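Okay, so here's the structure we're looking at.
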Amino acid sequence: MINPTEYLPKSYHRRMSTYWWLARWSYLTFILREASSVFVGWTVLLTLVQIWAVTHGPSANAAFHEWMRHPLMLGVNVVAFLFVLFHAVTWFSLTPKAMVIRVKGQRVPDWAISGPNYAAWVMVSLGIAWVVLRG
Amino acid sequence: MASRITIEVARYNPARDHEPGVSSYEVPLRKEWVVLDALNCIKDHLDGSLTFRWSCRMGVCGSCGMMVNGVPKLACATFLSDYAPGPVRVEPMRHFPILRDLVVDTSDFLMKLARSKPWIIRKMEKPMDQEYFQTPAQLEEYRQFSMCINCLLCYAACPIYGLDSQFAGPAAIALAQRYNLDSRDEGASERLDSLSNPEGIWGCMFVGECTRVCPKHVDPAGAIQQYKLTAATEWLKAMVLPRGAK
Amino acid sequence: MSKRSNEPFLWLLFSAGGSVSAMLMPVHLFLFALAFPLGWLDPPSDETLLVLIRPPLVRVYLFVFCFLSLFHAAHRFRFTLYDGLQIKHLNELINVLCYGGAAVGTVAAAYLLCQVP
Amino acid sequence: MLDISSHDVVIVGGGGAGLRAAIAIAETDPQLSVAVVSKVYPMRSHTVAAEGGAAGVRLDDDSHDEHAYDTVSGGDWLSDQDAVEAFVKEAPRELMRLEHWGCPWSREPDGRIAVRPFGGMKKTRTWFAADETGFHLLHTLFQTSLKYGSVTRYDEYFVTKLLVDDGRVQGVVAVELTTGKVQAVTAKAVILCTGGCGRIFRYTTNAAIKTGDGMALAYRAGAPLKDMEFVQYHPTGLPFTGILITEAARAEGGYLLNKDGYRYLQDYDLGKPEPTPVLRSMELGPRDRLSQAFIREQEKGRTVEGPYGPVVNLDLRHLGEKIISTKLPFVRELCLKYENIDPISQLIPVRPVVHYMMGGVHTDVHGATPLPGLYAAGEVACVSINGANRLGSNSLPELLVFGARAGRAAAAYAADQPSPSRRLLAGAIDEEARLNDHYLQKSGGRERIADLREEMQRIMERSAGIYRSGKSLTGAADKLYELQERSRDIRLDDHGHLFNTELISALELSCMLEIAETMVQSAMERTESRGAHQRTDYPVRDDDKFLAHSMIYRGAAGRPRVEYAPVTITRWPPAERVYGREMRNGE
Ligand SMILES: Cc1cc2nc3c(=O)[nH]c(=O)nc-3n(C[C@H](O)[C@H](O)[C@H](O)COP(=O)(O)OP(=O)(O)OC[C@H]3O[C@@H](n4cnc5c(N)ncnc54)[C@H](O)[C@@H]3O)c2cc1C
Ligand code: SF4
Ligand code: F3S
Ligand code: FES
């Protein structure tokens with residue numbers, strides 16, 4: 001259909017404030033969730049540096065360990081860890097929204113999808129820790 | 001319970017005002033009164049120029065969306081007593097241009113709705129005297145998304161729409177998905193053409209606030225994410241399968 | 001037209017990366033950035049680590065980990081810039097920076113992992 | 001500021017009837033340009049509120065004749081039987097068409113469309129989409145209508161007048177709400193689909209927009225209104241809001257209980273109480289009889305006193321959670337939301353509330369009114385299939401059948417009409433001046449719209465409600481006359497042009513006052529009791545004198561004049577209306 005309303009009176013357009021994400025708790029958690037991307041990137045960077053260190057002999061390794069023990073680094077990494085954790089939790093709890101699985105016409109409840117996700121997460125984490133610590 | 005409550009209503013008259021202001025009114029606080037009853041009381045007895053939309057008073061026509069204390073609500077389904085002792089702040093739905101007082105311009109949504117092609121598309125129609133069988137399970141696939149009353153609370157809640165009015169928005173996409181999932185429909189690829197773009201499904205950042213405010217439990221956020229999954233799968237198929245096979 | 005848009009591709013990378021980083025990243029970060037430096041756990045020696053990352057499968061694992069996580073982060077960061085800072089008009093530039101950065105990181109990861117003796 | 005635009009057919013109203021008509025025209029002849037003018041966005045129309053379902057013969061044990069008989073007897077033999085026959089024949093096809101358009105009908109396990117029993121129907125034939133049938137029906141129609149390029153929408157335009165020239169209706173004058181601009185929309189034919197007028201009464205299931213505008217437009221233009229004394233009360237509305245608890249709640253097995261927990265309907269010749277629902281009996285009797293039984297119970301002091309007057313209780317508790325949440329989810333939602341009651345464990349207080357207008361603009365079976373170029377369909381029209389009392393779930397299919405018929409007839413008529421004359425512009429300019437003089441630019445005035453409206457509603461509820469008498473009606477007529485006089489002295493707070501809803505309220509009030517007057521006048525002159533029209537001073541049906549439609553015209557000086565027209569009887573001669581027991585002398 002065509003809407004013939006061409007002439008509109010002067011309507012009032014509002015602009016979003018730059019700080020809109022502070023207006024509601026749910027917006028803030030959204031922005032925090034999105035901000036986790038910075039720390040995901042950061043973690044990859046750390047990993048790359050570490051790979052470089054490991055493959056470049058004792059002095060590189062020593063420098064790397066020194067660096068990681070620096071209070072500033074520790075501070076940043078605590079924050080990074082919290083963000084990465086937050087990313088993981090929101091990711092798993094949102095998966096069932098995007099993935100609808102039906103069994104015999106009944107929608108599988110959310111926990112039945114995110115539950116196994118969390119379980120796998122714990123298993124994988126323990127597995128990795130075991131591999132690393134075993135040596 | 002106090003017997004009266006103060007309502008602060010945003011007022012804007014384009015013929016007179018440069019920007020919206022606020023008027024305060026005192027109305028009786030009755031147990032069974034919803035915000036809409038308060039507004040009607042003001043209009044009937046205090047100030048006949050107060051302007052807002054309403055019709056069914058039973059949460060199904062979708063006319064009376066507004067911000068109540070900053071949250072998008074249906075005025076006819078929001079009890080005053082939940083806000084006692086007040087004051088209650090009533091404003092026009094966020095993210096839409098204000099026409100007057102609590103009335104916003106929603107024509108943008110109607111344009112977007114039409115772009116979602118919310119009707120059954122088929123290559124071949126059955127003769128009119130035959131029905132398409134659809135089991136309750138198939139009905140269940142899309143039923144939730146067919147419950148949308150176009151109240152637009154989800155648009156008022158979605159910051160992405162507020163930032164970029166080009167974004168198709170939650171309800172329009174959920175309704176496209178409603179038809180995609182209908183076993184009688186064959187129009188999914190046509191709809192994908194108009195919705196698989198940065199202003200369509202890919203614009204949604206999964207804020208999820210749309211679902212939280214939806215009075216009919218439509219879950220547009222879920223609809224959009226599921227749509228993305230389908231669209232991505234379609235894209236993969238198109239990449240993997242030889243041209244034209246599809 | 002719009003069907004040729006590359007958004008689905010970027011979204012697939014974003015999703016895959018989201019899952020990979022959600023699954024693996026917390027434990028990585030916990031071990032190497034907190035537990036070992038703070039001495040809560042005994043770190044494996046550097047030689048052990050070298051032995052550990054040498055098998056091709058582990059290197060592939062690390063590559064995928066870096067590659068997908070980077071594209072996940074890039075995609076998300078791109079939209080955070082759009083929405084949080086409302087600078088959508090810098091669209092092109094943001095895209096180049098985000099995905100370009102992820103691409104550079106991915107190449108670096110590949111290079112470093114090939115260098116493992 | 002006056003704008004003019006031109007189409008082949010103008011449809012006033014974007015509810016079920018209006019949209020069905022629009023689609024019918026677009027499908028019949030895509031060349032015709034169609035305008036849908038509506039005071040609210042189409043999907044806000046009150047069709048959206050219909051809950052229970054839509055009747056159409058479906059199962060093997062059913063037949064068109066049985067549906068027709070139920071309708072005719074339900075209407076106390078005032079229905080035109082040729083119209084009823086056309087209606088029952090086309091209803092299933094129309095409902096099936098909606099299935100093709102994507103209506104999410106509720107289904108049987110094997111995928112076939114399911115049907116449920118309904119009040120006054122002897123066979124199970126009501127199609128439903130859970131208990132939000134009207135909502136799904138309206139949105140399906142609206143969304144489907146979006147695909148037709150020949151349909152232009154005028155959303156939020158309030159029609160104030162029909163343009164008549166040379167004895168033919170050739171368009172409408174409307175106010176665009178957003179701007180206040182007066183717009184003449186000319187056309188070769190006009191279809192009124194403006195719905196009912198329940199807001200004339202105090203307690204009603206009807207939305208704010210149901211103010212009888214279309215009836216008033218036609219009446220003022222010279223078309224007769226038919227059977228205006230027949231106003232349907234629905235026996236189960238929520239006491240404060242008037243929100244409807246659908247008949248489906250009783251069809252699924254709900255009981256009506258008085259204050260002693262007794263199923264009182266058994267005392268009113270409606271059959272014997274059985275644990276499960278029996279068609280055409282007890283709680284599944286017709287609405288008029290159930291509403292009347294309520295008043296009788298009230299007189300006996302056996303109703304419950306609630307804060308908003310007397311109520312009885314609707315008991316769904318024995319149905320159990322599963323049935324309630326799958327078949328009646330909306331009922332539960334409404335009870336929880338508006339009464340803070342959970343029907344799974346609690347009784348629902350209900351009372352009769354005004355629900356539907358059997359009467360309306362007089363049309364033939366093609367929706368044509370006696371005024372050339374003017375058509376009507378839906379609740380605004382009176383074809384009449386509903387007679388003296390409409391059966392639940394007959395209205396939605398009526399919208400579809402007669403919406404489509406009116407659309408096709410108007411399209412055919414428009415095809416060979418000359419273009420609207422230029423003289424119409426003068427009529428539009430007059431109307432613009434009238435709006436300014438009477439409302440916007442009028443200074444002074446003392447009467448508030450709301451005061452007049454509330455008084456009208458009280459008068460109508462008290463004097464022209466479920467039971468009326470010559471005395472109460474005469475009193476009501478006098479009071480209404482007085483209100484009309486007072487309404488000339490209305491004061492608006494809002495003199496602006498932009499989205500002036502107060503102006504709209506004033507215009508709606510003037511429509512309602514005029515329609516209320518026709519109701520009272522028709523009721524006064526019908527000295528018998530039939531269906532929904534119950535006179536305490538004339539308690540029996542009088543077929544000798546009143547097996548006839550009342551036709552009310554706007555006479556000299558605006559006073560109503562009633563005439564009578566014969567009822568078309570084809571195959572079902574008048575008989576006794578029997579519910580809940582065997583007929584005495586066979587059917
Ligand atoms: C609560 C409730 C439940 C019901 N349940 C059922 C049921 O289960 N089964 C059944 O068969 N029937 C049911 N009915 C009855 C049925 O829903 C209505 O009779 C029917 O929907 C009326 O439809 P309509 O298209 O005629 O009018 P509406 O849907 O009321 O539409 C009227 C249209 O006219 C427009 N309009 C009016 N005046 C003007 C004007 N001045 N200018 C411009 N536009 C104007 C409005 O904007 C609107 O678009 C129910 C009714 C109610 C109130
Ligand atoms: S999705 Fe929900 S909130 Fe959005 S318009 Fe539809 S009903 Fe309203
Ligand atoms: S709030 Fe907006 S960003 Fe998406 S999930 Fe809902 S549409
Ligand atoms: S008035 Fe209809 S939804 Fe509120």
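Quick note on labels: first sequence line is chain A, next is B, and so on, each numbered from 1. Quick note: numbers below take in every heavy atom, side chains included, and nothing from hydrogens, waters or symmetry partners. Predicted model only: the values in this text are computed from it and were never measured.
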Worksheet item: What's the verdict on side chain to side chain contact (heavy atoms under 4.5 Å, CB included) for B:M58 and D:T241, showing C-alpha distance, side-chain angles and the deciding distance?
Response: CA-CA 9 Å; B:M58 56 192 281; D:T241 54; over 6 Å; no

Worksheet item: Taking it one step at a time, do B:D44 and D:E454 satisfy side chain to side chain contact (heavy atoms under 4.5 Å, CB included)?
Response: CA-CA 10 Å; B:D44 284 352; D:E454 279 162 20; 4.2 Å; yes

Worksheet item: Passes side chain to side chain donor-acceptor pair (under 3.5 Å), B:K43 versus D:T501? Steps please.
Response: CA-CA 10 Å; B:K43 184 164 184 78; D:T501 48; 2.9 Å; yes

Discussion item. D:E132 vs B:K216, test: side chain to side chain contact (heavy atoms under 4.5 Å, CB included). Steps then yes/no.
Written reply: CA-CA 12 Å; D:E132 305 194 286; B:K216 302 301 284 185; 3.5 Å; yes

Fill in: Full working for side chain to side chain contact (heavy atoms under 4.5 Å, CB included) between B:C61 and D:Y41
CA-CA 10 Å; B:C61 76; D:Y41 279 99; over 6 Å; no

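Between D:H136 and B:S146, the shortest heavy-atom contact is CE1-OG, 3.3 Å. Nearest heavy-atom pair across D:D493 and B:G48 is OD2-N, 2.6 Å. Shortest non-hydrogen contact noted between B:L175 and D:Q143 is CD2-NE2, 3.8 Å. Nearest heavy-atom pair across B:N150 and D:R44 is O-NH2, 3.0 Å. Closest non-hydrogen pair, B:L139 versus D:P104, comes out as CD1-CB, 3.8 Å. Scanning all heavy atoms of the two residues, the minimum distance from D:P109 to B:P136 falls at O-CD, 3.6 Å.
Here the CZ-CZ distance, from B:R53 to D:F499, works out to 4.5 Å after rounding to the nearest 0.5 Å. The distance from the CG atom of D:N206 to the OG atom of B:S55 is 9.5 Å, given to the nearest 0.5 Å. Rounding to the nearest 0.5 Å gives a distance of 9.5 Å between CG of D:L498 and OG1 of B:T51. For the atom pair CE of B:M128 and CZ of D:R97, the computed distance is 5.0 Å after rounding to the nearest 0.5 Å.
Contact annotation for D:E51: only side-chain heavy atoms (C-beta onward) come within less than 4.5 Å of a heavy atom of chain B. For D:N340, no part sits under 4.5 Å from any heavy atom of chain B, backbone or side chain. Heavy-atom distances place both the backbone and the side chain of B:R57 under 4.5 Å from chain D. Neither the backbone nor the side chain of B:N40 comes within contact range of chain D; no heavy atom of the residue lies under 4.5 Å from a heavy atom of that chain. In this structure, the portion of B:V103 lying under 4.5 Å from any heavy atom of chain D is its side chain and not its backbone. Looking at D:F240, only its side chain comes within 4.5 Å of chain B, counting heavy atoms on both sides. Only the backbone of D:S106 comes within contact range of chain B, with heavy atoms under 4.5 Å apart. Heavy-atom distances place the side chain of D:R453, and not its backbone, under 4.5 Å from chain B. At a 4.5 Å heavy-atom cutoff, the contact between D:F135 and chain B is made by side-chain atoms alone. B:L50 touches chain D through its backbone: at least one of N, CA, C or O sits under 4.5 Å from a heavy atom, while the side chain does not. Interface residue D:I209: backbone and side-chain heavy atoms are both found under 4.5 Å from chain B.
When B:R16, B:H45, B:R122 are compared by the number of non-hydrogen pairs under 4.5 Å with chain D, B:H45 comes out ahead. Annotation: maximal heavy-atom pairing with chain D below 4.5 Å, among B:N13, B:D129, B:D47, occurs at B:D47. Among the candidates B:G59, B:C148, B:A15, the residue making the largest number of heavy-atom pairs closer than 4.5 Å to chain D is B:C148. Among B:F52, B:W119, B:Y179, B:Y142, the residue with the largest count of heavy-atom pairs under 4.5 Å with chain D is B:W119. Between chain B and the residues D:R93, D:E156, D:E339, the largest count of heavy-atom pairs under 4.5 Å involves D:E156. Options B:K117, B:E32, B:Q138 differ in how many heavy-atom pairs under 4.5 Å they form with chain D, and the most are formed by B:E32.
The closest donor-acceptor contact from the side chain of B:R184 to the backbone of D:G102 lies under 3.5 Å.
Side-chain contact check for B:L110 versus D:M43: some heavy-atom pair is nearer than 4.5 Å. When side chains are defined from C-beta on, B:R100 counts as touching D:D494, because their heavy atoms get closer than 4.5 Å.
For B:E131, the side-chain contact (heavy atoms from CB on, under 4.5 Å) partners at least two apart in sequence or on another chain are B:F133, D:R58, D:M96, D:E99, D:R107, D:R112, D:I113.
For the side chain to side chain contact (heavy atoms under 4.5 Å, CB included) with B:V60, the qualifying choice from D:L138, D:L334, D:V48 is D:V48, the only one to do so.
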